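Heads up: the structure comes next, in C-alpha cells.
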Amino acid sequence: MESEDYPIPGIPDQVKAMVFDLDGTVLHTMHHHWQAWEQVSIEYNFELTKETLLSMAGTPSEHIMEQLAREQKITIDTKAAALRKQKIYVSLAHETEVIPMVVETARLAKKRGLPIAVATGGTRLQVEKAMKAAMVDDLFDAIVTADEVTHGKPHPETFLKAAELLGVPPQYCVGFEDAPRGLEAIQNAEFLKGIDVTKLPGYPSI
C-alpha cells in the first residue's frame with residue numbers, strides 16, 4: 001500500500017523515517033552550483049557541461065574535480081579548485097529557494113511524528129548557509145554532510161549514517177533524490193524506497 005495524502009505520491013505506508021538529499025531535492029540550488037562550477041572551469045581551464053555536472057550531482061566537489069582532472073588528463077590543484085567553487089557557491093546561497101512539494105512532504109512527515117534527515121554531498125559550511133537562507137535549517141532532525149563521511153554517493157554511507165542518526169533501520173526509510181548517483185546510493189543502502197524528485201510535476205530546471 002502507498003500513502004495517498006502526501007504531496008509526493010508513492011510513499012509506502014510502512015515508512016518510519018524520511019531522508020532527503022539537499023541540493024536539487026529540498027533546495028533549488030543546482031543553478032547556483034552550475035554558476036559556481038562554470039566560473040571555476042574558466043579560472044582553472046577545464047571543460048564541464050551541465051549534463052556532466054548533473055550526472056555527478058551529490059558527489060563532493062573535490063571528488064568531482066579529481067575525476068575531471070583525471071578524465072581530461074590535466075594537472076590541477078583539486079583541493080584549491082574545490083574550495084574556490086565552494087566560496088563562489090556560498091556567495092550565491094542567500095538567493096536559495098525551496099522545492100515546495102518536497103518541503104511540504106518533509107513538514108507533513110515531521111508533523112506526523114516521523115523523523116526526517118538530510119543526506120548530502122555538500123560541505124557543512126555550504127549546507128548550513130543554504131538551509132538558513134531558505135529557512136529550513138530547523139526543520140530536520142539530523143544532517144549528514146560530506147564532512148562526516150568517508151565515502152561519497154553512490155556509496156551508501158551518507159544515507160546509512162542518516163538512518164542511524166534517526167534511529168530507524170534502513171529498510172523502513174524512504175529516500176528522496178534528484179541525481180542518479182544519489183538514487184544508486186539509496187538503493188545500495190537498501191532503503192524501503194527511493195523517490196526521484198525530478199519526475200515530479202513542475203520540478204525546476206537547472
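For the single chain, residues carry numbers from 1 onward in sequence order. What you see below is based on every heavy atom in this structure, not just the backbone, and it leaves out hydrogens, waters and symmetry mates. Predicted, not measured: the structure shown is a model, and the values here were computed from it.
- Between the side chains of Lys129 and His94, no donor-acceptor pair is found at a separation under 3.5 Å.
- The shortest side-chain heavy-atom distance between Gln126 and Thr123 falls under the 4.5 Å cut-off.
- Using modelled atom types, one finds no donor on one side chain facing an acceptor on the other under 3.5 Å when comparing Gln35 with Gln39.
- Between the side chain of Tyr203 and the backbone N or O of Gly24, at least one donor-acceptor pair lies under 3.5 Å.
- The ring pair (Phe, Tyr, Trp, His ring centres under 6.0 Å) analysis of residues 123-152, with sequence neighbours excluded, yields the pairs Phe20-Phe140, His151-His155.
- Judged by the 6.0 Å and 45° rule, Arg84 forms no cation-pi pair with Tyr89.
- Formation of a donor-acceptor pair under 3.5 Å by the Glu104 side chain with backbone atoms of Met101 is not found in this model.
- Looking only at distances, no side-chain donor or acceptor of Thr52 sits under 3.5 Å from a matching main-chain atom of Leu48.
- The closest side-chain donor-acceptor pair between Asp178 and Thr25 falls under 3.5 angstrom.
- Membership of the apolar cluster around Val149 extends to Val144, Leu165, as traced through chained side-chain contacts below 4.5 Å between ILVMFWY residues.
- Checked by atom type and distance alone, the side chain of Lys153 pairs as donor or acceptor with a backbone atom of Ala119 at under 3.5 Å.
- At least one donor-acceptor pair under 3.5 Å links the side chain of Lys193 to the backbone N or O of Gly10.
- Under the 3.5 Å distance criterion, with hydrogens and angles disregarded, no donor-acceptor pair is assigned to the side chains of Ser41 and Glu47.
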